[in-house]
Amino acid sequence: MSVQSVQTETRLTPRERLTRGLTYSALGPVDVTRGVVGLGVHSARSTASGLRRRYRHGGLASELAATQEAIAQELAAAQQVVANLPQALRQARRSQRRHTKRPWIIAGAAVVVVLAGGAIAFSIVRRSSRPEPSPRPPSVDVQPRP
């Protein structure tokens with residue numbers, strides 16, 4: 001066996017195939033395509049095996065279990081809130097009924113203040129529109145002659 005036949009019989013890695021494809025232009029397009037596809041498949045396989053390994057060693061499994069537990073607790077809390085919702089609405093309505101007099105009292109006081117302010121403003125404007133009597137005697141007769 002010669003050195004050349006040994007090299008052709010050994011399988012090339014995708015990276016070597018890509019390098020050889022870029023180097024030799026005759027087999028370039030074929031080798032480039034096979035190299036890119038091979039690298040993609042290889043990276044997908046290594047990623048999947050890494051995820052499987054993490055899952056088996058419990059890192060991912062424990063994270064998944066913790067997440068499921070947290071979701072279960074949140075769902076239980078949400079169910080409890082939904083179950084207590086009618087009672088909470090009844091209590092809110094009762095507390096609203098107790099405080100319904102307060103807004104009317106506040107509104108009544110505001111109306112009284114506004115009316116009093118309006119009356120004061122009206123009297124000030126009315127007084128200022130009346131002419132004050134002059135200290136000097138009138139220059140013409142005020143009373144017409146018959």
Side-chain angles (χ1 to χ4, degrees), residues 1-136 138-140 142:
M1 264 184 162
S2 71
V3 174
Q4 199 173 23
S5 64
V6 171
Q7 284 181 351
T8 56
E9 288 179 11
T10 59
R11 294 179 57 100
L12 296 174
T13 65
R15 183 169 297 173
E16 291 171 342
R17 193 177 313 262
L18 180 62
T19 305
R20 188 179 80 178
L22 292 174
T23 325
Y24 301 109
S25 62
L27 296 175
V30 173
D31 277 343
V32 167
T33 304
R34 287 180 67 189
V36 168
V37 169
L39 281 175
V41 168
H42 180 68
S43 67
R45 281 184 186 165
S46 67
T47 303
S49 70
L51 285 175
R52 271 184 295 217
R53 188 172 44 254
R54 273 187 62 198
Y55 184 77
R56 284 187 191 138
H57 289 300
L60 194 58
S62 64
E63 289 177 18
L64 185 61
T67 304
Q68 286 175 344
E69 179 66 27
I71 289 173
Q73 289 175 355
E74 290 295 324
L75 284 175
Q79 285 175 346
Q80 189 176 13
V81 167
V82 169
N84 294 334
L85 191 61
Q87 183 181 2
L89 287 174
R90 279 193 296 265
Q91 288 175 350
R93 287 183 186 137
R94 281 188 206 137
S95 67
Q96 262 186 339
R97 288 183 199 141
R98 290 181 194 155
H99 300 294
T100 54
K101 292 180 183 178
R102 184 179 290 167
W104 286 107
I105 292 172
I106 293 172
V111 167
V112 168
V113 168
V114 167
L115 287 176
I120 292 171
F122 179 75
S123 67
I124 290 173
V125 168
R126 180 129 174 140
R127 283 184 192 163
S128 66
S129 66
R130 289 185 195 162
E132 292 188 20
S134 175
R136 295 188 300 171
S139 58
V140 287
V142 179

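These numbers were taken from a predicted model, which means no experiment stands behind them.
Each of Val113, Leu115, Val114 was compared with Val111 under the side chain to side chain contact (heavy atoms under 4.5 Å, CB included) criterion, and only Leu115 meets it.
Under the side-chain hydrogen bond (donor to acceptor under 3.5 Å, both in side chains) criterion, Gln73 pairs with Glu69, not counting sequence neighbours. Taking the side chain to side chain contact (heavy atoms under 4.5 Å, CB included) definition, one finds that Ile71 meets it with Thr67, Leu75, sequence neighbours left out.
Side chain of Glu16 to backbone of Thr13: a donor-acceptor contact under 3.5 angstrom is found.
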Could you tabulate the donor-acceptor pairs under 3.5 Å formed by side-chain atoms of residues 37-47, not counting sequence neighbours?
residue, atom, partner, partner atom, Å
Ser43, OG, Leu39, O, 3.3
Ser43, OG, Gly40, O, 2.9
Ser46, OG, His42, O, 3.4
Ser46, OG, Ser43, O, 2.9
Thr47, OG1, Ser43, O, 2.8

